[in-house]
Amino acid sequence: MLTGRFHSSSTIIFVSILITFIYNIHSDAASNKPAWGRNGVVSSAHVLATEAGVNILEEGGNAIDAALATIYMLNVVEGYSAGIGGGEFWVIRIAETGEVVTIDGREEAPATAFRDMYLDSLGTPNGALSYTGILAGGVPGSVAAREYAFKKYASQSRKKIMKSAIDAAENGFMVEPGQAAYYEYLAPKLGQFEYSKKVMFKDDSTTWQAGDILVQKDLAETFKRIAKDGGDDFYHGKTAEEIVRYMKENGGIITAEDLANYQVKIREPIYGNYRGYEIYSMPPPSSGGVHLVQILNILEGWDVQQLGRNSARWFHHLAEAMEAAFADRAEYLGDPDYVIVPVTGLTSKGYAEQLRNAIPRYWSRRIDKPGNPVDFETIPPENPESGHTTHMSVIDRWGNMVALTATINTGFGSGVVLGSTGIFLNNEMDDFSIAPGTPNYFGLIGKEANAIEAGKRPLSSMCPTIITKDGKPFMSVGGSGGPKIITGTLQAIINVIDFELNVQKAVSEPRIHHQWVPDALYFDQDISPDCAIELNRMGHKIAIGAVGSGIQAVMIDQETGIMYGGADPRSGGLAKGLP
Ligand code: GLY
């Protein structure tokens, strides 16, 4: 259990039961030894999912086949984090051409959604509606994203790719102690909805316990239809019909047209260069790639190694860079199909230099407003006419790479199972700014750029990232944890590139997080008290507790060709290589 600690009156006590549950779900802590292989490596947040991916690689599949097998299995054994009732972002490196592509399968606001839909008659935001229940869900995009990846890049049949996930749904998987505690914690939410009760509660009205076998027959049947008919079933077929029936009978607003009209968007990756490494990450409607590159650009001007790993001086510099980026996130980020996002300015070296020069080296300052990246927009932006989570990474023997982050937002999303489909509906509408300055579940604030509009995609922090060196594969990384995805992914990258740690240690190391609002420097418990006291003295408001992100990463040693993988012990899981 997390405990808080005072260092002074300006220290915040941070006790996060929820984060403790989420990030101690799996009991098996990884050692600091990375997994390795010569013919591929997979890392995910669940042992069975990683094994499903490695098995496909072993049977001759490529990285895309392995990613599909892994994510479908994650949806069965880790249904609280992601599922086909949600959305996802793929970043893929194609070995044959060296090209890096992204697939935006983010949920989108239904056609009848509108800006003030979560305000009551007095204009007061009702966050409960964007978080729990049928109105909290956006139109799911995961199946469409997977279908695009499958049709364009997969080498194995859907049936083969989905077989292990279908078996696990049909015959069950063993519930782990951390999972059982999480189910119980979420019971008040899940117990409100008829079909959720059917899936997550036993006959005696208790949730599934450690050692129980959790069977999901309805989900297995849905997966079988998707294995046969792909996206057609989900967006036009039997699954679509049942989703629409359930929506109509329960006051929901997602219609048959919303499902039929859903399209993935293929977007140019965010590109950055950090100390000679090429960084490719997810563009808006994720803020992940923009701010990852922005913070790396700020850090590039300092000798990070010299500042010293796990030192107060390093964390001070890092926190200030994070804070500057998150102040801009609140102001500028949203769905680029609806608002102008100054991506070029935000990711430019010049703007990063300006932000860096404003950071005091020995004390913390409070940023009272965002910066002005617009001055650094050398390419005119387009006219706006024309925006709990899991991650997996894989490299195959040919050098194809996938970084895939998927979500239904918070644990079990909206809490609603969509009738007899067995699918949990996301609560991604909460990632919109439901009113300017009103914090969402993650404490993030936003403004007009991320206001609700019909068909718009809510701003995300997901940050699937692929890194190459001289155009050759180097690393695939990403994670879970809302805004902490950005800062967790960032620190894993720094730990490899600057601190030269192996990939397992890179994801296990203590981390910090700052997101501007609230004014708190979140701190892993295992960071030394001396360091916390020193940061507190510099003016940081320390919030001690789990820095709730789970990072998965794989990489390749370009000299030996050996691939390595690391899985964050905070979220358990497994990295496994194919020798
Ligand atoms: N739902 C979390 C995110 O997309 O950032």
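Indexing begins at 1, ligand by ligand and atom by atom, following the structure's order.
Only the side chain of R106 comes within 4.0 Å of ligand 1, counting heavy atoms alone; its backbone N, CA, C and O stay farther away. When heavy-atom distances to ligand 1 are checked against a 4.0 Å cut-off, D431 comes that close only through its side chain, counted from C-beta outward.
Side-chain contact between V503 and V477 is absent, with no heavy atoms from C-beta onward closer than 4.5 Å. Here the side chains of T407 and N426 are not in contact, with every heavy-atom distance at 4.5 Å or above.
Applying the 4.0 Å criterion to heavy atoms of E428 picks out, from ligand 1, the atoms 1 (N), 2 (C), 4 (O).
Residue, atom and distance of the protein heavy atom nearest to atom 5 (O) of ligand 1 are S461 N, 2.7 Å.
Comment: D104 engages R457 in a salt bridge, judged by a side-chain N to carboxylate O separation of less than 4.0 angstrom.
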Checklist line | Derivation of the side chain to side chain donor-acceptor pair (under 3.5 Å) call for S393 and H391 | finding: CA-CA 7 Å; S393 277; H391 176 84; 2.8 Å; yes
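Residues H513 and F326 place their aromatic rings such that the two centres sit under 6.0 Å apart.
Checking only distances, S460 does come within under 3.5 Å of ligand 1, N or O to N or O.
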